[in-house]
Amino acid sequence: MSIFDLKRQDKARKTKADCSKAAGKSDFYPHDTGLSQAVLELCSEFGKTDLPARRPCERNAFMALLAGISALRKTPGIPGPDQSGPDYFTSLPRCASPEAEAECRAHLEKIFGITDRQSLLDFCNTEIRCHPQYLDFEGFWEGRPPFDLARLNPRALEAFQAARDFSAEFYPIVGHKGYLAWDISECMGHLRAGYACGLLSRDEFNEMAEYWIIQAQIFDSWTDFAVSLLCGELYWDFRHGSRLPELTAGLDLWTRLTRILLSDDTAWGSGLWYEPAARTGQES
């Protein structure tokens, strides 16, 4: 399917005038895919989870927790849960041998084209990050457009509107937090891997992670973080060509991953959260 198919097939959609008026927003024409209802049900489920209140932890533990989804994946050369102790989700792994480092580096290069600090940064900015696009959409919805749509050629305009209207379904759920947790989780996962195999020095890892630590402070809890992450995952899949029912299947998979972390008292279920002593005021 093309990026436009969902827009064309949405027969039950309200007229643009009615939808925009009902929402009280500009250019606000959400699709009715049923995905937002599924996310709302997860919000209710997560809200009923008996998780401890946020409690302080060390910076290193928080960086590891932000990469929790990545820790659930098998990455060549990086020790997995069965090779680690009870602090698996709150510690930063290192490859156990030069051979393991080489295996991990070869994986990063083959799958992601990552060979050094700059290529890792470029990959994350180009292939992973979705929240800046969400903020552009939000600017139009809230009457402060970040650019003139007339500057786009017809195909680029249709692509932008399709992505914007897909995202509008999640705006009432995530608001300004948008897809930020997706960006944080996936970028921290790649930083984790880069550090594990020595592609990043500890100083480089700390420097690159600091931005995401600060960005994460917008979230109230790991459940709040999980909802933004799931919405971001749906948008990332949509942007890369997935449509119903593939989007529903993706949501099911990522819901299982977040449930694992939220239900584990050594992971997000611990309530551990790090707050920097001084906020820098960086914007996403």
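- Residues Phe46 and Trp222 fail the side-chain proximity criterion, which asks for heavy atoms closer than 4.5 Å.
- Between Ala162 and His31, the shortest heavy-atom distance links the atoms O-NE2, 4.0 Å.
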Assess the residue pair Phe238 and Arg243 against the criterion (side-chain contact (heavy atoms from CB on, under 4.5 Å)); give the C-alpha distance rounded to whole Å, side-chain angles, the decisive distance to 0.1 Å, and a yes or no.
CA-CA 6 Å; Phe238 176 82; Arg243 298 295 180 265; 3.1 Å; yes
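- The main-chain N or O of Phe123 is never found under 3.5 Å from a side-chain atom of Thr126 such that the two would form a donor-acceptor pair.
- Leu257 is linked by a side chain to side chain contact (heavy atoms under 4.5 Å, CB included) to Ile69, Leu72, Trp254, counting only residues two or more places apart in sequence or in another chain.
- Salt bridge annotation for Arg59-Glu210: present, with a cationic side-chain nitrogen under 4.0 angstrom from a carboxylate oxygen.
- Contacts of Asp224 classified as salt bridge (charged side-chain N to carboxylate O under 4.0 Å, His left out), with partners at least two apart in sequence or in another chain: Lys177.
- Defined by atom type and a distance below 3.5 Å, a donor-acceptor pair is missing between the side-chain atoms of Thr255 and Asp252.
- Among all heavy-atom pairs drawn from Gly77 and Glu103, the shortest one is N-OE1, 3.5 Å.
- If you take CZ on Arg54 and CG on Asp220, they are separated by 7.0 Å, rounding to the nearest 0.5 Å.
- Without hydrogens or angle criteria, Asp148 side chain to Arg151 main chain gives no donor-acceptor distance under 3.5 Å.
- Here the closest heavy-atom approach between residue Cys57 and residue Tyr274 is recorded as O-CD1, 3.3 Å.
- Tracing side-chain contacts under 4.5 Å through hydrophobic residues (I, L, V, M, F, W, Y), one reaches Met63 starting from Leu229; they form part of the same cluster.
- Between Leu51 and Thr223, the shortest heavy-atom distance links the atoms CD1-CG2, 3.3 Å.
- The SG atom of Cys187 sits 11.5 Å away from the CG atom of Leu66 when rounded to the nearest 0.5 Å.
- One finds the NE2 atom of His131 at 7.5 Å from the CD atom of Gln215 (value rounded to the nearest 0.5 Å).
- Between Tyr195 and Arg202 there is a side-chain heavy-atom pair separated by less than 4.5 Å.
- Under the 4.5 Å side-chain criterion, counting only non-hydrogen atoms from C-beta, Asp264 is not in contact with Tyr88.
- No side-chain heavy atom of Leu200 sits under 4.5 Å from any side-chain heavy atom of His190.
- The salt bridge (charged side-chain N to carboxylate O under 4.0 Å, His left out) check on Glu204 picks up nothing, with sequence neighbours excluded.
- In this structure, the side chains of Phe140 and Phe147 come closer than 4.5 Å at one or more pairs of heavy atoms.
- Nearest heavy-atom pair across Cys95 and Pro79 is CA-CD, 4.4 Å.
- Counting heavy atoms from C-beta on, the side chains of Asp183 and Cys130 come closer than 4.5 Å.
- The backbone N or O of Cys197 sits less than 3.5 Å from a side-chain atom of Arg105, completing a donor-acceptor pair.
- We find the OG1-CG distance between Thr75 and Leu108 to be 7.5 Å, quoted to the nearest 0.5 Å.
- Leu120 and Gly194 make their closest contact through CD1-CA, 4.2 Å (heavy atoms, listed as atom of the first residue, atom of the second, distance).
- Residue Glu169 holds its CD atom at 5.5 Å from CG of Leu35, rounded to the nearest 0.5 Å.
- When side chains are defined from C-beta on, Phe62 does not count as touching Leu272, because their heavy atoms never get closer than 4.5 Å.
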Chi angles and distances behind the side-chain contact (heavy atoms from CB on, under 4.5 Å) call for Thr258, Leu42
CA-CA 11 Å; Thr258 56; Leu42 289 170; over 6 Å; no
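- In this view, Arg256 satisfies the salt bridge (charged side-chain N to carboxylate O under 4.0 Å, His left out) rule with no residue, not counting sequence neighbours.
- With sequence neighbours excluded, the residues that form a salt bridge (charged side-chain N to carboxylate O under 4.0 Å, His left out) with Arg117 are Glu207.
- Salt bridge annotation for Glu186-Arg129: absent, with no cationic side-chain nitrogen under 4.0 angstrom from a carboxylate oxygen.
- A donor-acceptor distance shorter than 3.5 angstrom exists from the side chain of Ser270 to the backbone of Ala267, with no hydrogens or angles considered.
- Ring orientation note: the planes of Tyr235 and Tyr179 are close to parallel, at an angle under 30° on the 30°/60° scale.
- Within 6.0 Å of CD in Glu58 there are 12 or fewer heavy atoms belonging to other residues, nucleotides or ligands.
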Please test Val39 against Leu234 for side-chain contact (heavy atoms from CB on, under 4.5 Å), starting from the C-alpha separation and ending with a verdict.
CA-CA 10 Å; Val39 174; Leu234 285 167; 4.1 Å; yes
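- Neither Phe89 nor Ile78 shares a network with the other; the hydrophobic side chains, linked directly or stepwise wherever heavy atoms of I, L, V, M, F, W or Y lie under 4.5 Å apart, form separate groups for each.
- In this structure Tyr171 satisfies the ring pair (Phe, Tyr, Trp, His ring centres under 6.0 Å) test together with Phe28, Trp141, sequence neighbours excluded.
- With rounding to the nearest 0.5 Å, the separation of NZ in Lys74 from NE2 in His107 is 10.0 Å.
- In this structure, the side chains of Ile173 and Cys43 come closer than 4.5 Å at one or more pairs of heavy atoms.
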Does the ring pair (Phe, Tyr, Trp, His ring centres under 6.0 Å) test come out yes or no for Phe137 and Phe170, once each step is laid out?
CA-CA 11 Å; Phe137 305 150; Phe170 307 110; over 10 Å; no
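- When each of Trp212, Tyr134, Phe225 is tested with Leu180 by the rule side chain to side chain contact (heavy atoms under 4.5 Å, CB included), just one qualifies, namely Trp212.
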What's the verdict on side-chain contact (heavy atoms from CB on, under 4.5 Å) for Asp87 and Thr266, showing C-alpha distance, side-chain angles and the deciding distance?
CA-CA 7 Å; Asp87 298 331; Thr266 68; over 6 Å; no
